[in-house]
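Worksheet: one structure, shown below.
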Number of protein chains: 2
Amino acid sequence: MKWNDLQTEACPVARGLSVIGDRWTMLVLRDCFLGVRRFEQMQERLGITRHVLADRLRKLEANGVLRRERYQERPPRHEYRLTERGKALYPVLVSVIEWANAHVPPTGAPSVTLVSRETGEPILPVLIDMNTGKEITYRTVTALGSD
Amino acid sequence: MKWNDLQTEACPVARGLSVIGDRWTMLVLRDCFLGVRRFEQMQERLGITRHVLADRLRKLEANGVLRRERYQERPPRHEYRLTERGKALYPVLVSVIEWANAHVPPTGAPSVTLVSRETGEPILPVLIDMNTGKEITYRTVTALGSD
DNA sequence: AGTAGTAAGTTCCTTTTCAGAACCTGTCAA
DNA sequence: TTGACAGGTTCTGAAAAGGAACTTACTACT
């Protein structure tokens with residue numbers, strides 16, 4: 001099976017990863033959430049090759065995660081911004097951050113954490129089921145549907 | 001920059017993705033959460049090549065996400081199980097599922113959703129900050145540390 | 001007029017990774 | 001002795017990624 005065939009699968013994990021499971025893609029989106037909008041800045045910050053970055057931005061735009069906006073004419077220049085669909089990925093990013101900080105300790109370098117804009121206090125992310133108010137773990141939940 | 005250099009970065013997104021951001025890796029973990037433990041089953045379910053599956057399982061074991069347990073001697077046979085570190089990835093998986101079901105609609109095929117084991121009702125996952133009790137969005141939270 | 005700088009890519013070439021299939025090893029059962 | 005099973009390894013060709021240089025359409029400086 002090829003990677004691109006995943007888009008049509010019934011499993012939502014496969015469908016989701018067909019969009020964001022690519023090498024570099026989530027790192028590009030991290031920069032987008034940090035407010036980086038331009039090709040040159042992303043390329044320099046990420047250390048990704050220009051070729052791959054152009055490809056990822058194209059695919060993210062095609063999938064409706066980013067949109068390409070012209071910010072000047074002559075010469076034409078564009079910047080990339082998160083769409084609503086892109087912004088909806090924030091929980092995925094936060095979950096990765098939380099997991100990495102707890103389980104993939106940085107080697108020497110200081111860690112980056114998330115803090116509340118309001119209080120400045122570190123945040124403690126937990127997945128809650130809004131219907132029951134309880135925490136979601138692999139024990140309390142099961143998959144339903146044709147898999 | 002090479003992909004493997006990400007492990008030593010200060011950014012937790014980069015460190016996390018150096019472990020789980022690889023092609024196929026999260027799909028292997030999906031199967032683990034579904035209770036699949038053996039090489040043959042994973043290979044058949046995923047449609048991944050045996051070579052790549054062996055590689056991913058090796059890396060996941062090296063990173064402490066899975067552990068390899070012998071379940072019979074002569075001939076030696078092993079199965080793969082999630083460690084605590086692996087189980088801690090459940091929120092990442094759930095976030096991907098939630099996003100995909102909302103934003104990457106299946107083409108024709110019926111969707112797979114998560115339900116509460118207790119009530120059988122569909123769950124509605126939301127990321128909450130345990131300190132404030134409020135929902136976490138890209139507006140309410142900001143990164144702190146050297147990035 | 002000529003030179004340098006900027007932004008967003010594209011092109012070319014090499015190296016790495018992946019897909020697909022076949023093969024290997026040790027054991028049991030027919 | 002042949003076949004099946006489980007968990008891999010080995011091989012070859014195709015696809016993707018890395019690295020560096022080049023392109024285009026401007027603006028600003030000398």
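Values below: every heavy atom of this structure, side chains too, minus hydrogens, waters and symmetry copies. Throughout, a chain's letter reflects where its sequence line sits, starting with A, and its residues are numbered from 1.
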Looking at residues at least two apart in the chain, or sitting in another chain, which of them share a salt bridge (Lys or Arg N to Asp or Glu O under 4.0 Å) with A:Arg139?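 Per chain and number, A:Arg139 pairs via salt bridge (Lys or Arg N to Asp or Glu O under 4.0 Å) with no residue.
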
Looking only at side-chain atoms of A:Thr49, point me to the closest of D:dG19, C:dT17, C:dA19.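 When the side chain of A:Thr49 is considered, D:dG19 is the closest of D:dG19, C:dT17, C:dA19.
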
To the nearest Å, give me how far apart [atom1] ([X]) and [atom2] ([N]) are.
X: B:Asp55; N: C:dC18; atom1: CG; atom2: C1'; result: 10 Å
X: A:Lys59; N: D:dA15; atom1: NZ; atom2: P; result: 13 Å
X: B:Arg70; N: C:dT27; atom1: CZ; atom2: P; result: 11 Å
X: B:Asn4; N: D:dA17; atom1: CG; atom2: P; result: 14 Å
X: B:Leu53; N: D:dG7; atom1: CG; atom2: C1'; result: 10 Å
X: B:Leu27; N: C:dC18; atom1: CG; atom2: C1'; result: 15 Å
X: B:Glu44; N: D:dG7; atom1: CD; atom2: C1'; result: 14 Å
X: B:Arg74; N: C:dG26; atom1: CZ; atom2: P; result: 13 Å

Under the 3.5 angstrom rule, does the side chain of A:Arg37 hit a backbone N or O of A:His78 as a donor-acceptor pair?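 Absent.
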
Within the distance-only criterion (no hydrogens, no angle test), does the side chain of A:Thr119 pair as donor or acceptor with the backbone N or O of A:Ser116 below 3.5 angstrom?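 No, A:Thr119 side chain to A:Ser116 backbone: no donor-acceptor pair under 3.5 Å.
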
pair A:Trp99-B:Val19: side-chain heavy atoms closer than 4.5 Å: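 Heavy-atom side-chain distance check passes, below 4.5 Å.
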
Answer yes or no: is there a side-chain heavy-atom contact under 4.5 Å between A:Leu6 and A:Arg15?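 A side-chain contact under 4.5 Å is absent here.
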
Sugar-phosphate means primed atoms, P, OP1 and OP2; the rest is base. With that split, encode nucleotides 2-16 of chain C 5' to 3' as B, S or - using protein heavy atoms under 4.0 Å. -----BBBBB-----

Testing the 3.5 Å rule here: is there a donor-acceptor pair between the side chains of A:Arg85 and A:Asn63?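 Judged by distance alone, the side chains do not pair up.
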
Hey, which of these two, A:Asp22 or A:Glu73, hits DNA chain D nearer its 5' end, going by closest nucleotide?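 In this pair, the answer is A:Asp22.
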
A:Trp3 side-chain N/O to D:dA14 phosphate OP1/OP2 under 4.0 Å: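 False: A:Trp3 side-chain N/O out of range (4.0 Å or more) of D:dA14 OP1/OP2.
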
Cationic N near anionic O, under 4.0 Å, A:Glu40 to A:Arg50: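 A salt bridge links A:Glu40 with A:Arg50.
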
